[in-house]
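Structure first, commentary second.
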2 protein chains.
Amino acid sequence: MTIQVFGHKSPDTDSTGSPIAWAWYLSEVRGTPAEAKLLGQPNTEAAFVLERWKLDTPEIISDVAEGDAVVIVDTNNPAELPASINKADIQGIIDHHKLVGGLETKGPIEIRVEPLACTSTILYKMMGKDIARAPEGVKGAMLSCILSDTLGFRSPTTTQEDEAIAHALAKDLGVDIEAYTEEMLAAKSDVSEFSDAELLRMDSKEYTVEGVGLRVSVLETTSPKQILARKESLMGAMPGVAQEDGADEVLLFIVDILNEEATLLVPNDRVKTIAEKSFDATVEGDSVVLPGVMSRKKQIIPVLTM
Amino acid sequence: MTIQVFGHKSPDTDSTGSPIAWAWYLSEVRGTPAEAKLLGQPNTEAAFVLERWKLDTPEIISDVAEGDAVVIVDTNNPAELPASINKADIQGIIDHHKLVGGLETKGPIEIRVEPLACTSTILYKMMGKDIARAPEGVKGAMLSCILSDTLGFRSPTTTQEDEAIAHALAKDLGVDIEAYTEEMLAAKSDVSEFSDAELLRMDSKEYTVEGVGLRVSVLETTSPKQILARKESLMGAMPGVAQEDGADEVLLFIVDILNEEATLLVPNDRVKTIAEKSFDATVEGDSVVLPGVMSRKKQIIPVLTM
């Protein structure tokens, strides 16, 4: 049975590129046939990466069947995975997020989680010398994953290992890291074709804080003005998105990558309270700038309170 | 803060030796002070190993405090860990069991699970070349863990990696694997000083099968006669142990290591049904021999039904 390798339901570059890289490794090095899948439309950056490295867009699947052989990368959170995930035959989990609990396996399997910025950094370490056998597209995908997750080494999640491995891949591929990162970020920042609801869900994770369900959405961009110009209609779309997704509030953080700050939209008093208590900020009006905030994982989720 | 490294609540050789080995590695190689702990009295085999390799018996702790830095080895099951485990600062999990779910971490941490027979095999791989720096006691503990978990390579859980690494350690230490395994198994088989209730809890894990709580206990021995002579009083102690531990039934499998078979005690009709349905066996009287059954993980848990 072909192993299905996939990331989470909002495929960014890491959740698109890492399945491609690991499916290659499983198939060509370990000799266990595997195929990358997506659990949703890749975002604009991921779509750019696929085209840049001439990679086929993996098939988009909506669920898995009982007994399907799967390897999960870039998440261990059942809420970000197909509804039937615990009925599948989970054969591996490779991730760099905190352990959420909720995934169960039938027997002992291969699990590798490391506190690094990017799944592909872990994959590179696991591949060892076999990385040399990888085709250019696989290496390019992995480099793109690291540059995406580290925002070109700007994110505080960046570790020495992420940076060293990205440099090794870039050297091997003859890629100028700065110029290429700029191209990727520009692709990510072009959100003109997305609806407000799509933007609110594009890079979003669900959390419960003190019994309140939060959709914590992040838009990393080099042109925050483009998004802030849509502030009113984005806030107008929040109640509908929250209701459809079974959440109480949508928190939208617009991360200005170049200025290294985030703007949180504040549509109502409850979000105002969350903003003030979590970030020790004073909110006036319908948004608040949070200097230095770049990472949901390191700087938003750990401090959320209300 | 010193990191506490521990295994599960019924410390066998792997849950005693692997914390010692990993605490050494964290302290001496990674430079993060760590100390091995035990969550209960080591079993007779583990006690023998500590003495044989001149290792101090780690301190026995009953719980952890909020914020304590801990690394968990040889389990990922909250039921086998201190009550306050999810309040601790879990910094690492290294294990070779199926993922149960239930552990949560505050941030991304180091997690390594592999489908190998023994935690120490994984530790050895993680240590890489640094194993050469380990003192004899650490290497001896790791070798003992592998020989214990594989029953001297007899258990079907044994992998090529377990075997190769045990041979490398034995060669390095100048240990005769067969003779040493025999000593360890003899130590484990001497259970004369334990009460019936202690025997039922010595190597025991809790599972729920179709809503029924089972304490699945295994006694691996080279002299099954010694235990079977106590059959009546062991069965007499089962209802009390089950009640005290909040289980419905105790399943005691006496694993005859040399003859590679298990005897399951059958104190009542419900256990008889479990035995017959799970192992396709016909039960006559108060016990049943299950040829070839050596491993709870591979041959008991996956088939349990009622």
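Letters go in sequence order (proteins before strands), and every chain restarts at 1.
- No more than 12 heavy atoms of other residues, nucleotides or ligands shown are found within 6.0 angstrom of CD on A:Q160.
- Heavy atoms closer than 4.5 Å to chain A are found nowhere in B:K298, neither backbone nor side chain.
- Atoms CD and NE2, on A:E110 and B:H96 in that order, are 15.5 Å from each other to the nearest 0.5 Å.
- Chosen from B:E114, B:R112, B:H97, B:K297, the residue pairing most often with chain A at heavy-atom distances under 4.5 Å is B:R112.
- Taking all atoms of both residues into account, the shortest heavy-atom contact from B:P108 to A:P115 is O-CB, 3.4 Å.
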Before giving the answer on side-chain contact (heavy atoms from CB on, under 4.5 Å), spell out for A:I93 and B:L99 the whole-Å C-alpha distance, their side-chain angles and the decisive distance to 0.1 Å. CA-CA 10 Å; A:I93 301 169; B:L99 193 63; 3.7 Å; yes

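- Once rounded to the nearest 0.5 Å, the distance linking CD1 of B:I111 with CG of A:N76 reads 6.5 Å.
- Both the backbone and the side chain of B:L103 come within contact range of chain A, each with at least one heavy atom under 4.5 Å from a heavy atom of that chain.
- Although no hydrogens or angles enter the test, the distance criterion places no donor-acceptor pair under 3.5 Å between the side chain of A:T105 and the main chain of B:K98.
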